[in-house]
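Worksheet for the structure shown next.
Every number for a ligand or one of its atoms is a count from 1 in the order of the listing. Just so you know, residue 1 is the first one in the sequence shown, and it goes up from there. The model shown is predicted, which means the values in this text are computed figures rather than measured ones.
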Amino acid sequence: MAKGYELELVHLTKRYGETVAVHDLNHSFAPGSYVCLLGPSGCGKSSTLRMIAGHEDVSDGSIVLDGQDVSWMTPAQRGTAMMFQSYALFPHLSVRDNVAFSLRMKGVDKDTRHKRANELLDLVDMTHLADRLPTQLSGGQQQRVALARALITEPKVLLLDEPLSALDPFLRIRMRAELKKLQRELGITFIHVTHGQDEALALADEIVVMNNAVIEQAGPARDVWAAPRTEFVARFIGGHNVIALDGGKATVRADAVTLAAEGMPATVTAVEYQGASVAVTTRTDGGDEVLALLPEDQFFASPKSPGEAVRLNWDEGRLHRLQA
Ligand code: ADP
């Protein structure tokens, strides 16, 4: 089907009156990649996505898709498609007619659009439910229909606004595997907004972490996880300890911390059994909270309880300095 296209944000800015929702973003999305825009509520993710989609005007800067400035084009002209959190399916139309809807708007004849809708329904494994109404579907099935409906226009880029947030945790994990598979098969760029770091790590080739209207860090998921640049990213991505060190700050991953005879003095404040590992929360004499995620056999070889004094250790190479 479609191939990947390059998408570039150039000094992209969004203001709502006095509020600067997106401030001077410059970023290039690699063709055919799965990108997650990750950040806390209010950081500007949805505004960024809506501007790329063409559902929101750009205040400043531009959006360049496949070498063309699309900033002022309609969504149909620019070749993007958006899947909404609520799916926004038409309740009175069958699954097939929902999927075929945008082709009907374009004046495509009934046979052609039904044939095309059937192909898309096949792609998302929904052929057998083509004649149902949206209310007769489960959440996961509605989501597949919404995906098929967005993809029928053969978009250059698919934009997904918190696509999994309406699903229960079990279905969320299943559907995210399906999204990833679909993106690989289609080879187009997916840009997926989420505030869940586990979702971003599971899905993304590239994670773009936003905070306060700017991009705080962008890179391959493993790089962002292994080397958060700022304290914000370290805390938001999780699994890291932020420690005061030599007048600056550093991180060490919770799974790199061990309890040893030598090391930084601390007191255990909580112990949580997690199955494969045990989470031991401590407070250092310097006042930092440090989590040690220990393999369960290691923990039970020398169990600790809250109130006990311990020493925290890690390989020097695992300590990672943060930007001021
Ligand atoms: P996120 O998707 O990360 O939660 P948003 O892009 O929705 O963030 O919002 C970024 C900022 O812009 C927030 O401060 C929000 O209150 C504000 N904002 C978003 N949409 C509007 C709007 N239509 N009118 C005024 N302010 C808005």
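By the 30° and 60° cut-offs, the orientation of the rings of Phe190 relative to Tyr34 is tilted.
With atom 8 (O) of ligand 1 as the reference point, the heavy atom nearest to it among Pro40, Gly17, Gly44 is part of Gly44.
Residue contacts with ligand 1 for Met51 are absent, since no atom lies close enough (heavy atoms, distance under 4.0 Å).
Remark: ligand 1 atoms within the under-4.0 Å shell around heavy atoms of Lys45 are 1 (P), 2 (O), 3 (O), 4 (O), 6 (O), 8 (O). Against a heavy-atom cut-off of under 4.0 Å, Gly42 is close to the following atoms of ligand 1: 1 (P), 3 (O), 4 (O), 8 (O), 10 (C), 11 (C), 13 (C).
The shortest heavy-atom distance from Met210 to ligand 1 is not under 4.0 Å.
Residue Ser46 places at least one N or O, backbone or side chain, under 3.5 Å from an N or O of ligand 1. Note: an N/O pair closer than 3.5 Å links Cys43 and ligand 1 by distance alone.
Looking at Arg172, its side chain does come within 3.5 Å of a backbone N or O of Leu167 through a donor-acceptor pair. Asn241 places a side-chain N or O within donor-acceptor distance of the main-chain N or O of Leu291, the cut-off being under 3.5 Å.
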Report task. Begin with the C-alpha distance, continue with both residues' side-chain angles, and end with the deciding distance and a verdict on ring-ring contact (aromatic ring centres under 6.0 Å, His included) for His195 and Phe236. Result -> CA-CA 9 Å; His195 57 265; Phe236 196 78; 8.4 Å; no
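With values rounded to the nearest 0.5 angstrom, Met264 atom CE is found 10.5 Å from Arg311 atom CZ.
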